[in-house]
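Taking it in order: structure first as structure tokens, then the write-up.
Every chain is numbered from 1, with letters handed out A, B, ... down the list of sequences.
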Amino acid sequence: MSLRTMAWAEAVTESARKQTRPLPPPRNTTYLPPHLRYSGGGGDGGGYSSYGRGSSESTQYGFGGGGYRGGGRSGPGRDGGRGGRGGGGGGRSRGWVQTPRPNREAFHDVSGKFEQLKVREGDDVGNVGINFDAYEDIPVEASGEDVPVPASTFGEIDLGECLNNNIKRCRYVKPTPVQRHAIPIAMAGRDLMACAQTGSGKTAAFCFPIISGVLAKCVERSQSNGDGWTAFPRALILSPTRELASQIFEEAEKFAYQSGAKVAVVYGGAPMGQQLRDLERGVDILVATPGRLVDMIERSRVSLKMIKYLALDEADRMLDMGFEPQIRKIVQRMDMPPPGARQTLLFSATFPHEIQRLAADFLKNYIFLTVGRVGSSTDLIAQKVEFVRDMDKIEHLCGLLKNQRDNETHGKLALTLVFVETKKGANQLENWLSRNGFPAIAIHGDKVQMERERALRLFKCGTTPILVATDVASRGLDIPHVAHVINFDFPKSIDDYVHRIGRTGRAGKSGLATAFFSEKNQPLAKALVELMKESKQEVPNWLNDYAEQSLSYGGDQSQRYSSSNFGGYDVRRSENYYGSGSNGYGDSSVGAAAATCNDVSGSYATGSFGYGGNYGNSSVDEPAASYNGSYGGETDAAGTAGSSSFGNYENIVAGGWD
DNA sequence: GGGCGGA
């Protein structure tokens with residue numbers, strides 16, 4: 001992985017090597033509690049590179065400041081890496097190089113490290129510039145038993161000094177709505193199912209409590225066994241894609257900086273070697289994609305026995321048809337402690353009811369939190385839907401791209417993200433565009449990891465301002481400066497649509513999303529229309545017609561595709577959830593009540609929701625009372641759009657749902 | 001259809 005450019009890190013890593021300080025504990029070390037680890041700091045300072053924000057990656061289009069160093073970075077080739085070329089502390093292997101990790105001991109000039117976070121002129125810093133006005137309109141709703149009181153500042157949350165310092169270094173001024181609510185909930189030890197928008201600080205919302213919790217308690221995190229060693233992480237964060245795992249890892253590392261909490265990431269497509277070495281050095285918080293994690297567990301390199309925190313990012317994705325068996329295996333069939341013995345945090349922007357019901361298997365007495373769409377600011381993403389026949393798509397795309405080319409701002413070509421349905425289609429479109437004078441590159445799951453990361457990198461820095469992507473890039477990825485998202489192939493579900501368009505309009509900047517719609521997409525028309533209306537978008541007449549037709553088709557597609565009122569609704573409110581006696585809820589009681597914001601009244605009497613029944617016929621959900629009020633203590637609402645180099649917030653005002 | 005392990 002090397003999704004970020006790391007001029008500083010390379011320098012620092014070099015410098016770290018020169019330190020005489022021994023490497024962190026190899027196997028079988030005597031235990032050192034977290035707060036005593038890495039207390040020293042003899043080394044040069046450094047700066048965290050902003051992730052993909054162009055801190056050091058410049059481009060022909062001018063994003064970023066420094067020079068683009070295509071060469072020396074981790075060319076994840078299958079040629080190198082594995083053999084541990086360069087040996088010991090020596091040079092970086094030419095092949096796979098894990099994110100050049102700053103050796104924490106090497107730092108003492110922390111400020112220098114964080115000074116480099118934001119480098120582009122004109123960028124806002126931290127969340128200072130976030131349009132908090134937009135927050136005030138966000139409906140927030142929390143349901144469950146004894147909902148903890150939200151916090152209005154980071155200060156009133158006891159995250160510990162180290163984390164507080166890092167929050168300051170990140171220049172987070174105040175928590176976003178999801179953070180205000182989710183962090184106290186998580187800090188209270190409660191399980192959580194949270195719907196939150198893209199960039200609303202979701203990653204931080206689960207990372208802060210996890211890091212804090214890991215630091216609070218000392219445990220052995222690695223021990224030897226007959227076959228070598230086994231890592232015992234205390235927290236596990238799962239992601240549906242490698243690139244997202246990488247991104248989360250980088251965020252988490254920043255938050256955990258100098259805390260002593262060790263973060264590691266494992267995912268497929270990269271040689272095991274470096275990842276194993278990272279694990280061997282000890283890991284408290286493990287970020288992973290499911291496949292590689294299972295692999296490592298089966299090799300006894302990872303045990304989940306000590307897991308106290310489990311977070312699923314893009315949780316609805318993780319629990320849908322394709323991923324659910326793997327997740328179930330990891331969570332239920334390995335050595336992971338059961339619900340109640342661990343804390344489980346599920347985050348996503350979209351949470352279909354079926355998935356919520358599934359997810360109940362993994363939770364105990366959880367709180368359902370939803371941070372709704374920003375009504376007044378979703379229009380920051382202008383959504384266009386155009387009727388285009390399949391045969392005309394390319395031509396149409398050309399027109400849009402040419403238009404885009406004329407619209408460059410400040411000499412920078414706007415980034416355009418083109419979503420297609422298939423990997424083959426992505427390749428074809430990439431080729432066609434390239435041959436016809438459009439600088440395009442594709443990313444999809446059939447490319448080797450090196451190519452995937454290269455594509456993302458070249459796109460981010462503007463060298464190749466057109467990225468053709470499958471849904472591998474639709475969720476969670478923070479790609480700044482995407483001016484235009486084009487749904488070349490209309491997505492299969494409205495949730496996918498929401499995630500895809502959420503790649504633009506970030507950082508409070510305006511974004512454009514254009515979708516090509518044809519007859520075969522008709523089943524989604526109604527949901528699309530509802531979504532657009534909700535986002536205050538102008539709906540073309542022909543699309544309205546389609547939507548009405550789909551009504552008469554009788555299929556109840558719309559119900560499941562539509563995003564209910566504001567995106568999330570606690571299924572436990574459905575009477576049938578507990579009802580339908582055949583499902584074996586002996587202990588179930590209570591339907592649901594919602595606690596809204598500071599009102600801590602909601603209650604659920606049940607404990608865990610062992611769910612094994614079928615929910616084919618879910619009830620119609622009554623809309624819940626929502627709360628649009630101001631959050632306690634929310635006063636400094638002003639601000640302009642901001643973009644944190646930590647990928648936080650940027651879309652809170654944009655209406656994406658991540 | 002897409003994404004999730006390597007051998």
Consider only side-chain N and O atoms of A:His484 and A:Thr514, and report whether a donor and an acceptor are under 3.5 Å apart. yes

Of the candidate nucleotides B:dC4, B:dG3, B:dG1, which contains the atom at the shortest distance from the side chain of A:Glu421? B:dG1

Nearest to the side chain of A:Thr241, heavy atoms from C-beta on, is which of B:dG1, B:dC4, B:dG2? B:dC4

Would you say [N] has OP1 or OP2 under 4.0 Å from some side-chain N or O of [X]?
| X | N | answer |
| --- | --- | --- |
| A:Arg292 | B:dG6 | yes |
| A:Thr289 | B:dG5 | yes |
| A:Arg452 | B:dC4 | yes |
| A:Arg242 | B:dG5 | yes |

Do A:Lys520 and A:Asp390 meet the salt-bridge criterion of a basic N to acidic O distance under 4.0 Å? yes

So that I can tick it off, tell me whether A:Asp446 and A:Lys423 are bridged by a salt bridge, with the cut-off set at under 4.0 angstrom between side-chain N and carboxylate O. yes

Give one of base, sugar-phosphate or nothing for A:Val294, where a contact means two heavy atoms less than 4.0 Å apart. nothing

May I have the distance from [X] (atom [atom1]) to [N] (atom [atom2]), rounded to whole angstrom?
| X | N | atom1 | atom2 | result |
| --- | --- | --- | --- | --- |
| A:Asp316 | B:dG2 | CG | C1' | 14 Å |
| A:Met272 | B:dG5 | CE | C1' | 7 Å |
| A:Leu293 | B:dG5 | CG | C1' | 11 Å |
| A:Gln449 | B:dC4 | CD | P | 8 Å |
| A:Lys329 | B:dG5 | NZ | C1' | 10 Å |
| A:Arg317 | B:dG2 | CZ | C1' | 6 Å |
| A:Arg475 | B:dC4 | CZ | C1' | 14 Å |
| A:Phe323 | B:dG1 | CZ | C1' | 14 Å |

If every non-hydrogen atom of A:Ala426 is compared with every non-hydrogen atom of A:His444, which pair is closest and at what distance? CB-CD2, 3.8 Å

Toward the 5' end of DNA chain B, by each residue's nearest nucleotide, A:Val266 or A:Lys423: A:Lys423

Per the atom types in the model, does the base of B:dG5 pair as donor or acceptor with the side chain of A:Asp295 at under 3.5 Å? yes

Quick check: are there more than 12 heavy atoms from other residues, nucleotides or ligands sitting under 6.0 Å from NZ of A:Lys384? no

